[in-house]
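Quick caveat, the model's predicted, so the values are computed rather than measured. Chain letters run A, B, ... following the sequence lines, proteins first and then strands; every chain starts at 1.
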Protein chains: 2
Amino acid sequence: MTKDGTLTRPAHTGVPALPGEAPPTCELREVLDRVGDKWSVLLMAVLGDGPRRYSELRRAVDGISQRMLTLTLRSLERDGLVVRTVTPSTPPRVDYELTEVGHTLSREVGALIRWSEAHREYISAARRSYDAEEAVREG
Amino acid sequence: MTKDGTLTRPAHTGVPALPGEAPPTCELREVLDRVGDKWSVLLMAVLGDGPRRYSELRRAVDGISQRMLTLTLRSLERDGLVVRTVTPSTPPRVDYELTEVGHTLSREVGALIRWSEAHREYISAARRSYDAEEAVREG
DNA sequence: CTGAATCCCCGAGGATACTG
DNA sequence: CAGTATCCTCGGGGATTCAG
């Protein structure tokens, strides 16, 4: 966080935006967007337990479409968080594995998941309570 | 995470889905979705530094629309993560403040932000590298 | 088995205007 | 100041099909 409490568009240091270039957005935000991505979080969590094949990931992250699985993995690979290893056998085999940095993020994600498990009862109760009072107000 | 490595739809314990009821989705997923929300993360981070007024939040989280600010705050309040305090003066004043549990989540979010700052150079470099190689492959 | 390519829909979310 | 209400767009992402 920037020291004035502003989270986005921190003093963009120079680099005049050339026409056609990406607008000078906050890098922090970009990284948070990555972290905030639903599928990314789930995949990072699974891969935290060790390398997985494409098909294994598909099964592990229930509900993910082939498209999103591939796109997300590519994105994670591009960010240097996972490495992709192709074994040109028949049938072909592709393994995905966290990088060293990927593991550090996976640990953060793990903490978040543990937080979720530890507080889901609380949240569930809070929602019921809120909805109940709301229903009262509306009659 | 469930012990078989499956992240979603963990053995839904009973509660036969009555027609018209919400489908039996994983609660963990719901909580992660909350955490994964861009605006929620940013707001939690700001509120981690102390109570803020509506207008202060609007300025702090640059780029958020009035609509999303209100919706996100309502959602956080519903989950028992923030409390909303109205002071019926003229002009009216509304303060938002983290609950005890909200603070614990804010700390997790803070860790994530620190991770982002610590690794954004790495990620940025990884992207440049990836894009460069990709450009080569495509000719 | 591991993808790439296409089509297409729906809803998250921005812009704007109005209110207590 | 702190919202609410409405409209409307845009792209995230699912389903499906084809390919190496």
Residues forming a side chain to side chain donor-acceptor pair (under 3.5 Å) with B/R127, sequence neighbours excluded
A/E30, A/D79

Students should find that the nucleotides of DNA chain C closing off the region near chain B, any atom under 4.0 angstrom from a heavy atom, are C/dG13 to C/dG20

Rounded to 10°, tell me the angle between the two end axes of the helix from C/dC1-D/dG20 to C/dG20-D/dC1, each built from five pairs.
50°

Show your reasoning for whether side chain to side chain contact (heavy atoms under 4.5 Å, CB included) applies to B/L98 and B/L76.
CA-CA 9 Å; B/L98 291 181; B/L76 292 172; over 6 Å; no

Letter per nucleotide, 5' to 3', of nucleotides 5-14 of chain D [B base touched, S only sugar-phosphate touched, - untouched; heavy atoms, 4.0 Å]:
--------BB

A/R52-A/Y96 side chain donor-acceptor pair, cut-off 3.5 Å:
no

Would you list the atom pairs, donor with acceptor, under 3.5 Å between side chains in residues 100-107 of chain B and any protein atom, with sequence neighbours excluded?
{"from": "B/T104", "atom 1": "OG1", "to": "A/W115", "atom 2": "NE1", "distance (Å)": "2.8"}
{"from": "B/T104", "atom 1": "OG1", "to": "B/V101", "atom 2": "O", "distance (Å)": "2.5"}
{"from": "B/S106", "atom 1": "OG", "to": "B/M44", "atom 2": "O", "distance (Å)": "3.0"}

Working to the nearest 0.5 angstrom, can you tell me the gap between A/R78 CZ and A/R84 CZ?
16.0 Å

With sugar-phosphate meaning primed atoms plus P, OP1 and OP2, does B/R53 contact a base, only sugar-phosphate, or nothing at under 4.0 Å between heavy atoms?
sugar-phosphate

Excluding sequence neighbours, so at least two apart, what forms side chain to side chain contact (heavy atoms under 4.5 Å, CB included) with A/R128?
A/S124, A/A125

Would you please name every residue forming a salt bridge (charged side-chain N to carboxylate O under 4.0 Å, His left out) with A/D37, sequence neighbours left out?
none

Nearest 0.5 angstrom please: B/T72 OG1 to B/E77 CD, how far?
12.5 Å

Taking side chain to side chain contact (heavy atoms under 4.5 Å, CB included) as the test, write out the residues that go with A/T90, two or more places apart.
none

Under the side chain to side chain donor-acceptor pair (under 3.5 Å) rule, collect the residues that match up with B/T70, sequence neighbours excluded.
B/Y54

Mind checking what makes side chain to side chain contact (heavy atoms under 4.5 Å, CB included) contact with A/A111, not counting sequence neighbours?
A/R114, B/E108

Is a donor on one side and an acceptor on the other found under 3.5 Å between the side chain of A/S116 and the backbone of A/L112?
yes

List for me each residue that meets side chain to side chain contact (heavy atoms under 4.5 Å, CB included) alongside A/R93, sequence neighbours excluded, and say none if there are none.
A/R53, A/T87, A/S89, A/D95

Would you tell me if any nitrogen or oxygen in the side chain of B/Y54 comes within less than 4.0 Å of OP1 or OP2 on D/dT4?
no

Here the residues of residues 84-95 of chain A within 4.0 Å heavy-atom distance, strictly under, of DNA chain D are A/P92

